[in-house]
Structures are given as structure tokens and as C-alpha cells.
Amino acid sequence: MASVTLSKLRKSYGRMDVIHGVDVEIADGEFVVLVGPSGCGKSTLLRMIAGLESITGGEVLIGDRVVNDLEPKDRDIAMVFQNYALYPHMTVAANMGFSLEHRGTPKAEIAKRVKWAAEILGLDEMLERYPRQLSGGQRQRVAMGRAIVRDPQVFLFDEPLSNLDAKLRVVMRGEIKSLHQRLKTTTVYVTHDQVEAMTMADKIVVLNGGRVEQIGAPLELYDRPANKFVAGFIGSPAMNFIPGQITASGFAADGALLPLPEAAHDLPPRPMLYGIRPEHFALTSEGLAATVELVEPMGSETQVTMRLGGTPVIGAFRERVRAEPGETIRVRPEIASVHLFDSDSGKRAN
Amino acid sequence: MSTVAANGTPAKERKVARKRPFWTMERRDSLAGYLFIAPQLAGIITFVLIPLGLVFWYSMHEWNVLGARFNYVGSRNYEQLLSDPALLEVLGATGIFSAGLVVFNLSLALLLAVLLDQKLKGITVYRTLFFSPVVVSLVAWTIVWRFLLQNNGGINSILLLTGVEGPNWLRNPTTAMISVIVVQVFKNVGLNMVLFLAALQGVPRELYEAARVDGAPRFKQFRRITLPMISPTILLTSIITIVGSLQVFAQIAVLTQGGPGMSTTVLVYYLYQQAFQFHRFGYGSTLSILLFVIVAVLTFVQWQMRRRLVFYER
């Protein structure tokens with residue numbers, strides 16, 4: 001196991017810069033998730049760590065070794081690809097033992113290591129099968145098995161669950177997490193799914209347009225997003241943003257006066273965005289009037305799309321809301337969970 | 001006692017009403033299927049099965065067009081085939097030609113495909129260049145090569161410039177066979193090259209990336225990933241090339257006329273000699289049947305070997 005350091009890492013394709021000087025410190029044994037929307041550069045960053053993409057500028061360190069110019073095989077990493085990249089003409093056992101063959105590992109040792117990995121992943125009955133004879137989840141496990149037999153210093157996962165159905169994704173998410181807890185190998189995991197990021201990571205790196213927006217523990221990102229992008233990306237349904245201005249009596253939005261936390265009253269009056277997560281609205285009898293537009297019962301909660309003054313917002317309530325579209329309900333934002341962002345820069349203001 | 005339905009209709013009448021129409025959906029679908037395959041079926045019957053039957057029928061006759069003889073001789077042509085002193089030599093030449101062609105053609109086609117499977121500037125020009133002989137007229141191509149391979153032809157003239165005296169390519173048994181193979185390979189290698197190129201481009205790039213992470217060197221990537229992944233195309237090209245090599249005629253007729261001696265007299269050329277030069281159509285038909293059996297057996301063997309050759313058949 002080893003730490004991974006990305007220092008001022010840059011990547012360009014011709015004149016187009018796709019990674020703009022990224023700095024990330026990943027501690028030994030840590031599970032770090034790179035998350036961001038499509039095209040934000042998260043997979044490129046992972047491939048640069050793997051050695052599958054050249055590095056335009058900056059450094060990648062695995063342990064205390066600069067690995068910029070090392071071939072992937074010499075970096076002591078193992079990677080799980082989005083489409084698993086299993087060799088379709090090889091059995092599960094051959095797939096898992098392939099990397100060991102090239103390291104001069106004796107056959108008996110390869111068989112022993114493959115058996116060990118197969119037992120961990122529940123693949124011991126499938127070693128002689130071909131990938132086409134496996135389900136999506138089993139293939140995913142083989143891809144993980146191929147990675148763990150090598151006992152690498154770093155695991156790299158490139159959106160490994162994106163091809164699985166929703167139910168299996170939840171199962172595999174748990175398996176990957178428990179595998180990490182068992183092996184304690186440093187892991188860098190790429191996903192665009194913020195739920196995966198929140199549930200699996202020790203630390204999340206939020207990327208946008210080839211830049212790091214924020215690095216932190218999952219709940220830190222949820223509770224104190226550094227900017228509007230992170231606030232909108234982390235959490236589902238996404239945070240509501242209500243444009244307006246701070247006044248002495250509260251936050252003046254279009255047709256509504258929203259309550260502010262005590263400390264926010266000291267902020268200079270300027271255009272701001274009032275951020276409130278859907279789950280931080282409460283149904284009350286004396287709150288703000290909101291006109292219901294859509295009610296979506298989810299079972300565990302009810303999501304209500306409503307108009308607060310002139311701004312459409314979403315509220316998520318534990319109660320079963322039985323309002324009809326056009327009806328007025330009263331809601332109150334939890335003052336402690338209000339986030340304020342600068343309208344121009346999008347940076348957190350409170 | 002007659003039964004009456006809830007709506008008052010007697011049960012017998014209801015039975016009549018339920019009778020299935022002749023043109024059920026299943027029958028209509030079947031008819032559409034048969035109509036779709038009918039043109040192809042008619043073509044196969046007219047141009048494959050009937051001629052095959054006729055050739056088999058002719059092979060049991062002594063048929064001399066000039067002598068206007070068409071006599072039933074039963075299995076005599078087949079007996080003659082087994083005792084034909086030239087046949088072993090002909091089959092030997094055919095075997096050497098086929099083996100040389102298949103090995104040389106497939107190896108060169110794969111090598112070219114690997115070289116041309118690069119993202120380089122102007123790569124399409126190179127691909128077109130190597131493919132272009134395929135669309136050139138076979139006879140024109142062979143005539144040009146005959147001039148090049150003559151004793152005082154282009155190739156020997158170039159060799160002379162480097163101080164080497166070239167052989168009389170088409171008049172020496174060994175070089176004649178090599179020449180015929182090379183001319184045929186250069187003519188058709190582009191076709192297999194394109195097929196290999198398509199197969200190479202179909203191998204997911206992620207497999208090579210996984211192999212790089214796994215530490216497999218380039219040659220091992222080719223042997224352990226590329227070759228198995230393109231094995232269906234290797235099987236296809238080898239079947240096409242073997243069948244094509246057994247049917248070679250024009251190149252031999254233009255370049256060597258089967259000579260020197262019988263060194264390049266392959267089965268189809270021998271068949272042509274028997275039927276059209278010696279007017280022995282019956283015996284020529286027997287040789288056609290032999291060719292059919294050889295092609296059928298080889299194709300069957302190759303098809304059976306697909307379990308070992310083609311990864312997805314395992």
C-alpha cells in the first residue's frame with residue numbers, strides 16, 4: 001500500500017487543456033472518490049495515475065516515487081475498467097492469473113493466489129467459466145479479482161458499476177467497500193454518481209471542467225459545500241437555489257422573504273443565492289406560502305415541486321403530502337441548514 | 001338437449017364462428033419467409049445444384065464433343081482417375097500451391113493489417129494502395145507480371161542493375177511455382193488485409209490497456225489477445241483463401257500453362273486440359289467431382305476445427 005500524490009497535474013490534447021493543475025493528496029489506505037459530471041476529466045485523471053495517458057505537466061507520485069514516465073506495469077497499480085475489460089477468450093481463472101504470468105510467478109503460486117481471490121469474491125465455483133457465461137455482477141467481481149490477485153499498492157476503479165442495474169449496483173457498492181475495509185489498499189474510484197461517492201468514500205474530490213472544486217469527507221461536502229457547483233452536485237434531489245438579496249429582515253427573494261441564520265445578517269447587502277436542500281424544508285402551519293405544482297410520492301418520502309414566490313423549488317418531506325397541484329401549503333426552511341452563495345462567483349458566503 | 005350460450009346463440013353456431021381462417025398469422029409469416037428466400041433458392045437450384053448433378057451425370061459418360069460420342073460408361077472414369085499416373089503430380093502441385101498461397105497470403109495480409117492499423121497521416125492512401133490490386137482485372141494483372149517475370153523482363157533487369165543475374169523465373173519448376181504463388185498473393189492480399197484490418201479495429205482498446213496494466217509485453221499482447229480475438233476472421237480468411245487457391249486457373253494459364261513439365265499443373269488446369277484440350281469432357285467432369293470432394297472435405301475439417309481456433313466457439 002502507498003500514498004498517491006497528484007501535484008500541479010496538467011493534461012492537454014493539442015491546444016485543448018483538459019486538466020488544469022490538479023493537486024490531490026491521497027493517504028495510504030484511503031478510499032478516495034473522484035466525482036464530477038461527464039467530461040470533467042475524472043477518468044482522464046485516473047488514467048494518468050494508471051499510466052494510460054501521458055502527463056503534460058506536474059507530477060504523479062505513488063509512495064515517494066515519481067511515476068510520470070513509468071509504464072503501467074511498473075507502477076504497481078491494478079485497474080478495474082468501466083466495461084470490465086475481461087479477456088473474453090480466457091476462463092475466469094486465466095483472466096485473474098494473467099498479470100501474474102508476466103511477473104514470473106510460478107504456476108502453483110498463481111493457482112493459489114487466484115483461489116484466494118476467488119474465495120474472497122465468491123467466484124470459486126466459476127473459475128473454469130468464460131466471461132460470456134457470467135452475469136454482469138459476476139463479471140464485475142472477476143474484474144476485481146484480477147486486480148486483487150496482484151496485491152498492488154493502489155487500486156484504480158473507473159466507473160465500475162455504471163453497467164449494472166440499480167439493485168446490483170447497490171450490492172456491488174457494498175462489496176467494493178467491504179473489500180477495501182478488508183484489504184486496506186489505497187483506492188482511487190471514479191464515478192459520476194454522487195450517491196456512490198457519498199456512500200463509499202473516505203474522501204471525495206469534486207471535479208468540474210478539469211479543476212478541483214472541493215476536497216473533503218462526504219458529510220463535509222454535504223454540510224458545507226465550498227461553492228454553488230458542489231452544493232448542486234452533492235445531494236439528491238439537488239439543492240434549491242433562490243436568487244435574492246440579504247436585507248435587515250431576512251433574504252428578499254422574488255415574492256418571498258426567507259429567514260436567515262443569525263450570522264448571515266452581518267453580510268453586506270448584495271445579490272446572493274439562497275441555498276436550501278429539499279430535505280431541509282419542513283411542513284408547518286405558519287411558514288411561507290408555497291403553491292404546489294407536482295407531488296411525487298416516493299414511499300419513504302414525498303417530493304413536492306412548488307413555487308415559493310416566483311421561484312420553483314423542490315421539497316422532500318417525511319410526511320405523506322396529499323396536496324393537489326395549485327393548492328397552497330406552508331413550509332419553513334431550517335435556518336441552520338441555509339447556505340448562501342455569492343451570485344457572481346458562486347462561492348460560499350456564510 | 002341443446003346448449004345455449006349466455007347471449008342466446010346455440011353452441012353449434014358458435015363452433016362454426018370460431019373456425020380458424022386458412023390464412024392464419026403463422027401461415028402468412030411462413031409464406032412471407034418462403035417468398036423472401038425463393039429468389040436465392042431458385043438461384044442455388046439453377047446455378048449450383050443442377051450443374052452439380054449434371055457434372056456428376058457427365059462423369060459417368062465418355063463424352064467427346066468433336067467425335068460426337070456420349071456413351072454411358074458407369075464408374076470407368078473414376079477407375080481411370082485412380083490409376084491416372086499424372087494425378088499424384090497434379091495433386092502435389094495443387095497442394096504446394098494451396099499451402100504456399102495460404103501461408104504467404106494470410107501472413108502478409110495480417111502483417112499489412114497490423115502495420116496499417118495505425119492512426120498516421122495519409123494511412124488511407126496506403127490502405128487504398130495495398131487494396132487496389134484486388135479490383136484490377138485478373139488477366140491484365142497476370143499479363144503484366146508475365147512480362148516482369150520473363151528472362152529479360154523487368155525483375156531480372158532490376159536485379160542486373162545490382163549485379164545479380166536472375167533466374168528464368170517461369171521456366172524453372174521451383175521458381176515457376178513460387179512466381180505463380182507470389183503473383184496470386186499480391187493480387188488478392190488486399191482483400192484479406194481489409195478483413196483483418198476490420199477485425200483488428202473491432203478488438204476493444206480496453207483489452208490492450210488492461211494487458212498493459214497486467215504487464216504483458218507487445219508481442220504477448222499480440223499472441224495472447226489480438227490473435228484469439230481475431231480468430232473468427234482468421235478462420236473465415238483461411239476458408240476463403242483455401243477454396244480460392246484450389247480453384248486457381250487464369251494465372252496458371254497466362255503465366256506457365258502448367259509448366260515447366262507439370263510443375264504448375266494444378267487440378268483445375270489439369271481439368272481444363274482434359275476437357276477442353278483433349279476433349280474428354282467425361283473425365284474432366286470426374287476431375288470436377290474430385291475437386292468438389294476435396295473442397296468440401298477441407299471446408300468441413302476447417303469448420304470442425306473452429307472449436308479450437310475460434311474463441312467464442314469454446
Side-chain angles (χ1 to χ4, degrees), chain A residues 43 46-53 67 70-91 94-105 110 128-133 139 142-147 149-150 152-160 163, chain B residues 106 110 113-114 117-124 195-239 302-314:
Chain A
S43 285
L46 191 82
R47 291 168 60 82
M48 287 164 83
I49 300 171
L52 296 172
E53 293 284 349
V67 296
L70 290 186
E71 276 292 304
K73 68 183 171 67
D74 300 321
R75 296 188 181 206
D76 206 1
I77 47 115
M79 186 158 169
V80 176
F81 292 82
Q82 185 171 3
N83 296 321
Y84 322 131
L86 299 179
Y87 309 120
H89 52 289
M90 294 185 199
T91 61
N95 262 284
M96 286 165 69
F98 189 65
S99 64
L100 299 177
E101 280 181 37
H102 308 297
R103 292 162 180 254
T105 313
I110 293 176
E128 292 314 310
R129 290 197 200 168
Y130 286 92
R132 67 175 180 279
Q133 297 166 322
R139 285 179 203 184
V142 177
M144 281 158 54
R146 192 166 66 175
V149 286
R150 290 174 50 186
Q153 293 207 339
V154 183
F155 281 137
L156 305 174
F157 288 87
D158 188 6
E159 305 209 33
N163 287 340
Chain B
L106 295 189
L110 188 54
V114 169
D117 184 25
Q118 312 287 337
K119 283 180 184 161
L120 297 175
K121 218 174 177 183
I123 197 76
T124 320
L195 293 172
F196 280 134
L197 196 56
L200 288 173
Q201 288 173 352
V203 180
R205 298 288 123 179
E206 275 186 356
L207 295 187
Y208 295 114
E209 290 183 344
R212 280 179 69 194
V213 173
D214 282 343
R218 288 295 279 270
F219 178 71
K220 271 208 170 155
Q221 287 179 29
F222 182 75
R223 196 170 63 83
R224 299 288 305 275
I225 294 167
T226 308
L227 283 181
M229 289 301 291
I230 65 167
S231 53
T233 307
I234 296 176
L235 178 70
L236 170 77
T237 49
S238 54
I239 289 178
Q302 279 181 301
W303 189 244
Q304 289 306 308
M305 280 170 69
R306 76 190 189 282
R307 275 180 229 285
R308 284 173 58 191
L309 289 171
V310 178
F311 76 87
Y312 59 70
E313 296 281 356
R314 278 176 216 148

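Keep in mind that the numbers below use all heavy atoms, side chains included, and drop hydrogens, waters and symmetry copies. The model shown is predicted, which means the values in this text are computed figures rather than measured ones. Per chain, numbering begins at 1; letters A, B, ... match sequence-line order.
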Side chain / backbone / both / neither for A:L86 at chain B, heavy atoms under 4.5 Å: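 Contact with chain B is through the backbone of A:L86 alone.
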Do we see a donor-acceptor contact under 3.5 Å between the side chains of A:N95 and A:Y130?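 Distance-only check fails for A:N95 and A:Y130.
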Highest number of heavy-atom pairs under 4.5 Å with chain B: which of A:L156, A:L100, A:N83?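 Heavy-atom pairs under 4.5 Å are most numerous for A:N83.
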Please identify, among A:R103, A:E101, A:Q82, the residue contributing the most non-hydrogen atom pairs under 4.5 Å to chain B.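 Going by pairs under 4.5 Å, I would pick A:E101.
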Per-residue contact mode, A:A78 against chain B (heavy atom under 4.5 angstrom):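 It is the backbone, since no side chain atom gets that close.
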Identify which part of B:R224 has an atom lying under 4.5 Å from any heavy atom of chain A, answering side chain, backbone, both or neither.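 Answer is both: backbone and side chain atoms of B:R224 are under 4.5 Å from chain A.
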What residues, two or more places apart in sequence or in another chain, satisfy ring-ring contact (aromatic ring centres under 6.0 Å, His included) together with B:F196?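 Counting only residues at least two positions away or on another chain, B:F196 forms no ring-ring contact (aromatic ring centres under 6.0 Å, His included).
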Using non-hydrogen atoms only, which part of A:R146 is less than 4.5 Å away from chain B: side chain, backbone, both, or neither?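 The side chain, not the backbone.
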Tell me, out of A:A85, A:P152, A:G51, who's got the most heavy-atom pairs with chain B below 4.5 Å.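 Of the options given, most contacts go to A:A85.
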Measuring from atom CD of A:E128 to atom CD of A:Q133, what distance do you get when rounded to the nearest 0.5 angstrom?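 Atom-to-atom, A:E128:CD and A:Q133:CD are 10.5 Å apart.
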In terms of ring plane angle, is the pair A:H89 and A:Y87 parallel, tilted or perpendicular, where the classes change at 30° and 60°?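 Because their plane-to-plane angle lies in the 30° to 60° range, the rings of A:H89 and A:Y87 count as tilted.
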Non-hydrogen side-chain atoms of B:L110 and B:L227 separated by less than 4.5 Å: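 They are in contact (side-chain heavy atoms under 4.5 Å apart), so the answer is yes.
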Taking side chain as C-beta onward, heavy atoms only, is B:M229 less than 4.5 Å from A:P88?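 Yes, side chains in contact.
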